[in-house]
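Working notes, structure below.
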Amino acid sequence: MAPFAYTQQTSMLLERLTLCVQYGEPVLLVGETGTGKTSTIQHLATQTNNTLVVINMSRQSDTIDLLGGYKPVDMDYLLLPLKSKFLDCFQTTFSRSKNETFIGHIERTFEEKKFDTLFSMMEHVCKAARVKGNISHEKVDSWKAFSKQLSIAIEKFNKMKSAFAFQFVEGALVRAIRNGWWVLLDEINLACPEVLECLNGILDQNTESILLADTHSNLPIRKNDNFHIFACMNPALDIGKKKLPQGIANRFTEIFVHELT
């Protein structure tokens with residue numbers, strides 16, 4: 001990335017953006033191409049150690065890109081959290097240094113997709129952990145919870161052996177909300193109304209969480225306090241350039257970015 005040029009204009013823009021972030025205001029930068037809209041937001045994110053996710057909007061943008069949807073996935077994707085939970089339990093109960101070979105075998109079995117073997121090893125360790133002496137009630141409870149999780153995973157795996165596995169995969173915007181990242185919706189005015197409509201609840205400053213209707217879970221996703229949303233667009237002055245619907249535009253603090261002089 002080229003060095004950022006501090007001019008009076010860019011410094012004032014950085015100051016205004018900083019104030020918007022401080023007060024939790026979504027920001028819409030409007031200006032011609034080449035006026036530094038995107039680079040200024042990127043620079044602010046870098047200087048404040050924030051992760052910035054840039055989403056390029058277009059007529060082909062879909063709500064799945066932003067919020068997520070059901071997609072076919074490999075079984076290893078579905079079983080990765082199970083393996084991580086198993087290793088967490090294992091290392092709090094047994095010596096890692098004395099079981100490096102076994103842990104390596106778990107990792108290789110997972111990578112080679114030998115899931116039946118993997119399940120058998122996990123079941124064996126579960127039984128050994130529950131009868132192991134000198135472990136706390138908290139660890140015993142953790143193994144009992146994992147054992148239930150393992151049983152569910154095995155049942156699901158057996159059902160999916162002869163079919164595609166589908167999983168709800170969160171979109172870039174939802175991941176940012178959960179993790180407290182900054183999001184830049186570039187060329188936001190090019191998106192179709194249906195896609196823009198899904199932003200209404202997210203842009204509402206009084207909303208502390210969002211609920212995704214397309215998942216089996218009824219649990220809301222809490223907005224991380226560090227989450228912030230920016231948007232950029234060219235002025236809708238020329239023929240063929242779309243205006244941003246007023247209902248969405250009103251949700252932003254709009255800043256016009258003049259051409260650099």
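Keep in mind the model is a prediction, meaning the values are calculated, not measured. In this chain, residues are counted from 1 in sequence order.
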By side chain to side chain donor-acceptor pair (under 3.5 Å) - contacts of Gln149 (at least two apart): none
Do Phe256 and Thr35 have side-chain heavy atoms sitting under 4.5 Å apart? no
What's the spacing between Cys198 SG and Ile64 CD1 if we round to 0.5 Å? 11.0 Å
Can Ile103 be reached from Met122 by stepping across I, L, V, M, F, W or Y side chains whose heavy atoms are under 4.5 Å apart? yes
Residues that Asp141 engages under salt bridge (Lys or Arg N to Asp or Glu O under 4.0 Å), provided they are two or more places apart: none
Pair up each side-chain donor or acceptor in residues 50-57 with any protein partner under 3.5 Å, not counting sequence neighbours, and list the distances.
unit_1 : atom_1 : unit_2 : atom_2 : d
Asn50  : OD1    : Asn226 : ND2    : 2.6
Asn50  : ND2    : Thr48  : O      : 3.3
Asn50  : ND2    : Thr48  : OG1    : 2.9

Close side-chain approach of Leu66 to Val195, heavy-atom, < 4.5 Å: yes
Counting C-beta onward and ignoring hydrogens, is there a side-chain heavy-atom pair between Leu13 and Leu29 closer than 4.5 Å? yes
Run the side-chain contact (heavy atoms from CB on, under 4.5 Å) test on Ile154 and Glu123 for me, step by step, so that the C-alpha distance in whole Å, both residues' side-chain angles and the decisive distance to 0.1 Å come before the verdict. CA-CA 10 Å; Ile154 293 173; Glu123 286 179 320; 3.5 Å; yes
Please list all pairs meeting salt bridge (charged side-chain N to carboxylate O under 4.0 Å, His left out) that have one or both residues in residues 98-115, counting only residues at least two apart or in different chains. Asp76-Lys113, Lys83-Glu107, Arg96-Glu100, Glu112-Lys114
From Leu44 CG over to Gln42 CD, what is the distance, rounded to the nearest 0.5 angstrom? 11.0 Å
Distance col, row Ile152:CD1 vs Leu82:CG, nearest 0.5 angstrom, shows 10.0 Å
Listed partners of Ser151 passing side chain to side chain donor-acceptor pair (under 3.5 Å), at least two apart: none
Would you indicate whether the side-chain heavy atoms of Pro245 and Leu196 approach each other to under 4.5 Å? yes
Side chains of Glu197 and Asn200: do they bring a donor and an acceptor to under 3.5 Å? yes
Does Asn179 have any side chain to side chain contact (heavy atoms under 4.5 Å, CB included) partners at least two apart in sequence or in another chain, and if so, which? Arg175, Trp181
To the nearest 0.5 Å, atom OG1 of Thr18 lies from atom CZ of Arg16 at 12.0 Å
Could you give the distance from CD1 (Ile188) to OG (Ser58), rounded to the nearest 0.5 Å? 12.5 Å
If you define the side chain from C-beta out and look only at heavy atoms, does anything of Val30 sit under 4.5 Å from Leu28? yes
Do Val257 and Met12 land in one hydrophobic cluster if side-chain heavy atoms of ILVMFWY residues count as linked below 4.5 Å? no
Does His43 form a side-chain contact (heavy atoms from CB on, under 4.5 Å) with Tyr6? I'd like the steps, not just the answer. CA-CA 11 Å; His43 181 71; Tyr6 283 96; 2.6 Å; yes
Closest non-hydrogen contact found for Cys89 with Ser142 is SG-O, 4.1 Å
Is Gln9 reaching over with its side chain to a backbone N or O of His258, donor-acceptor style, under 3.5 angstrom? yes
Are any side-chain N or O atoms of Lys223 and backbone N or O atoms of Gly180, one a donor and one an acceptor, separated by less than 3.5 Å? no
Minimum heavy-atom distance Leu118-Thr109, with the two atoms named: N-CG2, 3.7 Å
Heavy-atom closest pair (Cys20 atom, Val27 atom, distance to 0.1 Å) is CB-CG2, 3.3 Å
Who passes side chain to side chain contact (heavy atoms under 4.5 Å, CB included) against Glu194, sequence neighbours left out? Cys192
Would you say that Asp88 contacts Phe146 through its side chain, given a criterion of any heavy-atom pair below 4.5 Å between the two side chains? no
Nearest 0.5 Å, please: how far is CG in Leu203 from CD1 in Ile229? 5.0 Å
Is any side-chain heavy atom of Glu187 closer than 4.5 Å to one of Leu190? yes
For Glu254, enumerate each residue passing the salt bridge (Lys or Arg N to Asp or Glu O under 4.0 Å) test, keeping only those at least two apart in sequence or located in another chain. none
My understanding is that only residues two or more places apart in sequence, or in another chain, count here; which of them pass side chain to side chain contact (heavy atoms under 4.5 Å, CB included) with Ser120? none
What pairs with Thr10 under side chain to side chain contact (heavy atoms under 4.5 Å, CB included), at least two apart in sequence or on another chain? Phe4, Thr7, Leu260
Salt bridge (Lys or Arg N to Asp or Glu O under 4.0 Å) filter on Glu138, not counting sequence neighbours, yields none
Check whether more than 12 heavy atoms from other residues, nucleotides or ligands sit under 6.0 Å from atom NZ of Lys139, and answer yes or no. yes
Are the side chains of Gln91 and Leu87 in contact, using a 4.5 Å heavy-atom criterion? yes
Shortest non-hydrogen contact from Phe119 to Ala153? CZ-O, 4.5 Å
Apply ring pair (Phe, Tyr, Trp, His ring centres under 6.0 Å) to residues His105 and Phe110 and explain how you reach the verdict. CA-CA 8 Å; His105 190 38; Phe110 180 83; over 10 Å; no
side-chain contact (heavy atoms from CB on, under 4.5 Å) for Ile41 and Thr46? Distances and angles first, verdict last. CA-CA 9 Å; Ile41 294 172; Thr46 300; over 6 Å; no
Indicate the ring-plane relationship of Phe230 and Trp182, choosing parallel, tilted or perpendicular according to the 30° and 60° boundaries. tilted
Using every non-hydrogen atom in the two residues, find where Asn189 and Asn234 come nearest and quote the distance to one decimal. ND2-O, 4.2 Å
Considering non-hydrogen atoms only, spot the tightest contact between Cys232 and Asp186 and give its length. CB-OD1, 3.4 Å
List for me each residue that meets salt bridge (Lys or Arg N to Asp or Glu O under 4.0 Å) alongside Arg178, sequence neighbours excluded, and say none if there are none. Glu170
Would you say the ring centroid of Phe102 lies under 6.0 angstrom from that of Phe90? yes
